[in-house]
Amino acid sequence: MLPVNTKILANPEEVAAQACRIIIAEAEAAIRERQVFRIVLAGGSTPQRTYEMLAGMVQDWRAWEIFWSDERCLPADHPGRNSQLAHEVWLARVAIPAGQIHLIPAEHGAARSAEEYSALIRDKQPFDLVLLGMGEDGHTASLFSANSNPATPVIAVHSSPKPPSERVSLNFQTLRACRKQLVLVTGAGKSPALFAWQQGANLPIAYAVRNDACLLADAQAGRSANIVATVV
Ligand code: 6PG
């Protein structure tokens, strides 16, 4: 089943604009209540436009703490790193203190990096917001199978079907240990997985995402799921 708060928007630009509005609202509430906003960023390309929009916002960036859902085991400055995209289009353009941008040290190798990140996030939970994407096979973060994961908060992935094969990922329970989840899915290529998710398939995304999450999809991704389009 899809999350109860699923919205189909006309196009990726509207998905990004709505995602930006939600993130800003969550940030302002968290900062009012706890003086800090801890957000876990999604990898992949879907969130790029949202990150670009966030770069143009006026925010109390000093109160933001940044984490990632997963990282690819590539050199720290490799353009294929999930952290690189967010850095280029957003984080390098706003005044979040460098010590509050918590990269996954995936250049240390999957196993060591998973241990190091598990220790780093131990006292940072519950996260205020976890942002997730979804692959065409229904994976999310770097969780490609819906089971047989060790019970650690962050896991080493050694056989990712999506290159590179070596990755580090927050585990299912860690992605769910947050105040709010926001899932962004756009493009016709995601439509079969979104439909399968709606039909109850055992997909990683279905294990990672809580029923009270907010899912924003564009019309292309939502077309075969026959979800009643709701204009936000
Ligand atoms: C990655 C991401 C991955 C991504 C999905 C969707 O390392 O690629 O963590 O989980 O979110 O594969 O990717 P796109 O947004 O590029 O379609």
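We count ligands from 1, going down the list as the structure has it; atoms in each ligand are counted the same way.
For ligand 1, the atoms lying closer than 4.0 Å to a non-hydrogen atom of Lys190 are 6 (C), 14 (P), 17 (O). Ligand-side atoms of ligand 1 in range of Lys162: 1 (C), 4 (C), 5 (C), 8 (O), 12 (O), 13 (O), range being under 4.0 angstrom from any heavy atom. Counting atoms of ligand 1 from 1 in the listed order, those under 4.0 Å from a heavy atom of Arg72 are 1 (C), 7 (O), 8 (O). Interface of Ala141 with ligand 1, defined as ligand atoms under 4.0 Å from a residue heavy atom, comprises 2 (C), 3 (C), 9 (O), 10 (O).
At a heavy-atom distance under 4.0 Å, only side-chain atoms of Asn82, from C-beta outward, approach ligand 1. Contacts between Asp70 and ligand 1, counted as non-hydrogen atom pairs separated by less than 4.0 Å, involve the side chain only.
Inspection of the Ser83 and Glu71 side chains reveals an N or O donor paired with an N or O acceptor under 3.5 Å. Using modelled atom types, one finds a donor on one side chain and an acceptor on the other under 3.5 Å when comparing Glu65 with His102. A donor-acceptor contact under 3.5 angstrom links the side chains of Gln18 and Arg21, judged on distance only.
For NE2 of His87, the number of neighbouring non-hydrogen atoms (other residues, nucleotides, ligands) closer than 6.0 Å is 12 at most.
Here the options are Leu184, Ile8, Val185, Thr46, the test is side chain to side chain contact (heavy atoms under 4.5 Å, CB included), and the partner is Val15; only Leu184 passes. Across Arg34, Arg38, Lys180, a single residue satisfies side-chain hydrogen bond (donor to acceptor under 3.5 Å, both in side chains) together with Asp128, and that is Arg34.
Of the protein's heavy atoms, Thr46 OG1, 2.6 Å lies nearest to atom 15 (O) of ligand 1. Here the protein heavy atom with the shortest distance to atom 7 (O) of ligand 1 is Arg167 NH1, 2.8 Å. When hydrogens are left out, the protein atom nearest atom 11 (O) of ligand 1 is Gly43 O, 3.4 Å; that is the closest non-hydrogen contact. Residue, atom and distance of the protein heavy atom nearest to atom 6 (C) of ligand 1 are Met134 O, 3.5 Å.
Using a 4.0 Å cut-off between charged nitrogen and carboxylate oxygen, Arg49 and Glu52 count as a salt-bridge pair.
Residue His139 has at least one N or O atom closer than 3.5 Å to an N or O atom of ligand 1.
For the pair Ile121/Phe127, a side-chain contact is recorded, criterion being any heavy-atom separation below 4.5 Å from C-beta on.
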